[in-house]
Asker: 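This is the structure, below, for whatever I ask next.
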There are 4 protein chains.
Amino acid sequence: MPPTSGTAAQGQSGKESTPHRRYDPDRRGSISDAALDVIAEHGVAGTTYRKIAAAAGVPLGSLTYHFESLDEILQEAFTKLANHTADGFEAAMAEAGNAAQARAAVVRLITGELLNDPRNMVLSYELYALAVRRPELRQVTDAWMARSRAAVGRFFDPATTIMLDALIEGLTMHRALSLAPMPRRTVEEAVNRIVGKP
Amino acid sequence: MPPTSGTAAQGQSGKESTPHRRYDPDRRGSISDAALDVIAEHGVAGTTYRKIAAAAGVPLGSLTYHFESLDEILQEAFTKLANHTADGFEAAMAEAGNAAQARAAVVRLITGELLNDPRNMVLSYELYALAVRRPELRQVTDAWMARSRAAVGRFFDPATTIMLDALIEGLTMHRALSLAPMPRRTVEEAVNRIVGKP
Amino acid sequence: MPPTSGTAAQGQSGKESTPHRRYDPDRRGSISDAALDVIAEHGVAGTTYRKIAAAAGVPLGSLTYHFESLDEILQEAFTKLANHTADGFEAAMAEAGNAAQARAAVVRLITGELLNDPRNMVLSYELYALAVRRPELRQVTDAWMARSRAAVGRFFDPATTIMLDALIEGLTMHRALSLAPMPRRTVEEAVNRIVGKP
Amino acid sequence: MPPTSGTAAQGQSGKESTPHRRYDPDRRGSISDAALDVIAEHGVAGTTYRKIAAAAGVPLGSLTYHFESLDEILQEAFTKLANHTADGFEAAMAEAGNAAQARAAVVRLITGELLNDPRNMVLSYELYALAVRRPELRQVTDAWMARSRAAVGRFFDPATTIMLDALIEGLTMHRALSLAPMPRRTVEEAVNRIVGKP
DNA sequence: GATGAATGAGGGTTCATTCAT
DNA sequence: GATGAATGAACCCTCATTCAT
């Protein structure tokens with residue numbers, strides 16, 4: 001049987017303003033990008049397909065077409081977050097040429113824009129809260145941690161690296177969650193003690 | 001609950017065998033306790049009035065009667081969580097008589113039940129994720145931190161206390177979020193470096 | 001804590017035109033009635049919460065409040081259908097005073113309004129199709145059949161009653177599903193043969 | 001199906017190991033066969049293009065290419081059902097050489113596998129429910145009935161044939177829809193009465 | 001003072017259908 | 001000729017919240 005017989009008269013005029021985009025090769029990417037924005041603004045608790053679709057400027061049905069579930073979107077979004085932060089981490093450490101410069105770089109990281117950016121911080125803690133509950137996201141945090149430690153590990157022994165990485169986390173967190181500001185001097189001193197500055 | 005047609009046998013006569021509890025002096029408390037259970041199981045994202053009411057064995061309308069909003073319930077619940085953890089923290093440190101014992105107590109805390117209990121961990125990170133977003137919850141985390149630091153501060157100078165507190169947080173967190181186990185030895189060494197064991 | 005403090009200024013004017021009905025004791029009934037209408041028009045395949053709600057003039061959320069599931073609505077609706085038809089059946093047979101009149105009553109039933117009403121027929125077959133698939137609806141058809149047989153059984157022995165009941169079903173069905181009309185004479189003769197008219 | 005990011009390994013080289021079937025001469029047939037399976041399992045209410053395509057192992061777009069609409073698929077599927085049952089009917093009656101054997105054959109049909117097979121029964125009632133609503137399907141049931149009557153008609157006069165056909169339907173139906181089993185003896189006696197066994 | 005009946009908005013998800021290829 | 005990528009409407013259902021009692 002021929003294709004639905006009589007749909008001949010369809011587009012008699014020449015130019016038409018693309019009623020709907022037919023193919024978008026980076027649709028998946030746009031969606032997970034938008035998901036990060038939504039999580040940053042509303043938290044995982046307030047993240048819905050509809051908000052993501054609106055943020056991405058994409059039809060609602062597109063989300064469930066490209067992703068199996070909301071969780072799959074979250075996973076991809078948080079992977080991007082982790083990579084973004086790890087990139088910044090690596091970049092900061094890459095500038096260091098020796099242990100002393102590495103110490104300074106770590107202090108700059110803890111007190112710098114990347115780790116104190118409200119958006120980044122909010123997203124990170126949302127990820128942590130989710131990761132303790134869901135093993136599949138544990139892989140994301142684990143890979144992230146591995147990259148951070150590798151970046152730091154260029155200058156310190158493995159045990160020190162682990163300690164330093166944890167210290168970075170703890171200091172960043174307490175700076176964020178405390179109402180009282182933490183002096184930069186305290187950060188420097190803590191780093192020095194962990195790495196054993198002579 | 002739907003009427004389910006026949007509600008004939010309800011008790012039209014005078015005597016009633018305690019059909020509903022007449023007065024519950026700690027209704028508020030039961031509700032916020034139940035809220036913690038629900039958050040632990042479903043996350044803040046999955047916490048609803050209905051689930052809390054069911055967990056508390058309390059009528060749905062009771063929640064909006066005793067609390068202004070869901071947020072108010074969350075705040076009270078998380079305050080209980082913070083107090084519970086801080087209690088454990090203080091108890092652990094109270095046993096210490098000197099700096100050496102205090103160091104050991106800190107290591108025991110980081111590796112012990114209280115901070116590694118999955119329920120407690122899940123709840124804590126849910127709180128953190130919420131606190132970075134909502135200032136009113138920042139007061140809860142801030143008060144919590146203050147108590148922790150006070151407990152530790154009996155043995156160390158203020159700056160060291162802040163560093164140690166942050167280290168505890170970071171080590172606990174990375175132990176939870178990493179797939180690879182962290183040796184106890186590393187924890188001990190990190191604590192020693194921060195407090196400057198001779 | 002007092003009930004949400006400031007909702008004092010609510011209805012300052014005297015008369016208000018009942019914004020939403022607060023209590024409707026026969027809500028369940030209206031819904032299952034409307035469900036029958038929707039099934040009759042769209043079939044079980046096309047029956048949705050939305051269509052039922054619209055037909056009943058009732059908010060959508062009301063359906064899931066009063067019923068656990070769509071299946072529960074269907075069950076209640078089909079029970080009404082069965083009772084309605086069985087009522088007509090009993091009424092028709094009640095007029096008969098002896099076996100001869102009973103035979104005539106059966107013929108009138110097969111050829112009469114009740115069993116040939118398109119709506120009633122459509123609904124009955126929708127029920128049958130569902131009942132062969134779902135045991136819980138089998139109880140509805142079984143109870144219906146029992147009432148029909150009891151009505152007929154006043155005049156004939158048990159075995160004859162079962163046969164006659166099946167014949168009624170088969171004749172009604174084939175009158176409905178055939179494009180060629182079936183003579184009334186054939187119906188009469190079939191009934192006579194089954195009941196053994198002398 | 002979503003693109004799942006990496007569709008790199010697709011076959012950009014010349015040789016391809018039969019990635020998709022090039023030509024399927026009975027694609028239409030596979031589809032309507034699969035449709036019957038889906039209807040049997042999910043009912044007409046739960047029959048969708050997607051389920052049929054999956055059951056047939058055929059791309060989704062293929063359905064709308066080969067058929068104008070879902071209704072057209074249903075119609076073709078139900079025609080196959082009717083033919084299948086009528087075939088069995090004819091085969092059963094073909095074995096009979098005289099009226100007595102024909103009576104026995106009819107009893108065997110009513111109590112036999114073909115008419116009591118759950119799948120067949122479910123499909124038949126789905127068809128009936130649809131046919132009372134949609135005239136175009138009435139032709140399917142009418143043709144089916146004509147074949148049945150022709151098969152039976154070889155042994156009985158036209159009026160008796162019509163009665164007997166209806167009786168077969170009614171007895172089969174009530175056996176299916178009743179929770180209490182119907183004795184084989186009752187079936188035999190009913191047939192005897194209709195055909196007037198001496 | 002305290003509760004359950006009731007609602008409408010919004011939740012995730014599925015679907016027939018369209019269209020570029 | 002045949003297909004899968006894509007859409008938006010509709011699906012069922014859950015929810016916070018309101019209000020009469």
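Basis for what follows: all heavy atoms, side chains included, without hydrogens, waters or symmetry-related copies. Chain A is the first sequence line, chain B the second, and so forth, proteins listed ahead of strands; every chain is numbered from 1. Computed from a predicted structure; not experimentally measured.
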Asker: Using a 3.5 Å distance criterion without hydrogens, assess whether the side chain of Y49(A) forms a donor-acceptor pair with backbone atoms of L60(A).
Answerer: no
Asker: Starting at atom CD1 of I73(B), determine the distance to atom C1' of dT17(F), rounded to an integer number of angstrom.
Answerer: 13 Å
Asker: Given dG11(E), dA5(F), dT3(F), identify the nucleotide with an atom nearest to the side chain of Y65(A).
Answerer: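 Of dG11(E), dA5(F), dT3(F), dA5(F) is nearest to the side chain of Y65(A).
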Asker: How long is the line joining CD of E68(D) and P of dT18(E), in whole Å?
Answerer: 11 Å
Asker: Do I39(C) and L127(C) come within less than 4.5 Å of each other through their side chains, counting heavy atoms only?
Answerer: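 No. Closest side-chain heavy atoms not under 4.5 Å.
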Asker: Is there a donor-acceptor pair closer than 3.5 Å between any side-chain N or O of R133(D) and the backbone N or O of A40(C)?
Answerer: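 Looks like yes, one N/O pair under 3.5 Å.
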Asker: When you match T48(B) and P59(A) each to their closest nucleotide on DNA chain F, which lands nearer the 5' end?
Answerer: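 Final value for this comparison: P59(A).
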Asker: In whole angstroms, how far is the C1' atom of dA9(F) from the NZ atom of K51(C)?
Answerer: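 Rounding to the nearest Å, NZ of K51(C) and C1' of dA9(F) are 13 Å apart.
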Asker: Contact between I52(D) and F67(D) at the side-chain level, heavy atoms closer than 4.5 Å - yes or no?
Answerer: no
Asker: Any strand counts, and the cut-off is 3.5 Å on both contacts for Watson-Crick or G-U wobble. Which nucleotide pairs with dT7(E)?
Answerer: dA16(F)
Asker: In the structure shown, which nucleotide is the Watson-Crick or G-U wobble counterpart of dT21(F), with both distances under 3.5 Å?
Answerer: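 Answer to the pairing question: dA2(E), which forms a Watson-Crick or G-U pair with dT21(F).
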Asker: As a test of reading the structure: which of dG12(E), dT18(F), dC15(E) is closest to the side chain of L70(A), going by heavy atoms?
Answerer: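 My answer, after comparing the listed nucleotides, is dG12(E).
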Asker: Select from Y49(C) and V58(A) the residue whose nearest nucleotide in DNA chain F is closer to the 5' end of that strand.
Answerer: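 The 5'-side residue here is V58(A).
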Asker: Look at R27(C) and dT7(E) and indicate whether a side-chain polar atom (N or O) is within less than 4.0 Å of OP1 or OP2.
Answerer: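 Indeed, a polar side-chain atom of R27(C) lies that close.
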Asker: Rounding to a whole Å, what distance do you find between L63(D):CG and dA16(E):P?
Answerer: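 After rounding, the reported distance stands at 9 Å.
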Asker: Nearest-Å distance, CG (L60(D)) to C1' (dT7(F))?
Answerer: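 Checked: the CG to C1' distance equals 13 Å.
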Asker: Out of the candidates H42(B), K51(B), R119(B), only one should pair with D37(B) under the side-chain hydrogen bond (donor to acceptor under 3.5 Å, both in side chains) rule; please name it.
Answerer: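 In the set H42(B), K51(B), R119(B), the residue that makes a side-chain hydrogen bond (donor to acceptor under 3.5 Å, both in side chains) with D37(B) is R119(B).
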Asker: Does any N or O donor sit under 3.5 Å from an N or O acceptor when you compare the side chain of R50(D) with the base of dA16(E)?
Answerer: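 Indeed there is one.
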Asker: Please tell me which of G61(C) and S62(B) maps to the more 5' nucleotide of DNA chain E, matching each residue to the nucleotide holding its nearest heavy atom.
Answerer: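 Residue closer to the 5' terminus by nearest nucleotide: S62(B).
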Asker: If I take atom CG in residue D26(A) and atom P in nucleotide dA6(F), what distance separates them, rounded to the nearest angstrom?
Answerer: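 Those two atoms, CG and P, are 11 Å apart.
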Asker: Grab the CD-C1' distance between E72(A) and dG12(E) for me, whole Å please.
Answerer: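 In whole Å, dG12(E) C1' lies 15 Å from E72(A) CD.
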Asker: Atom CG of D71(B) and atom C1' of dA16(F): how far apart are they, to the nearest Å?
Answerer: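 Spelled out: CG on D71(B) to C1' on dA16(F) is 12 Å.
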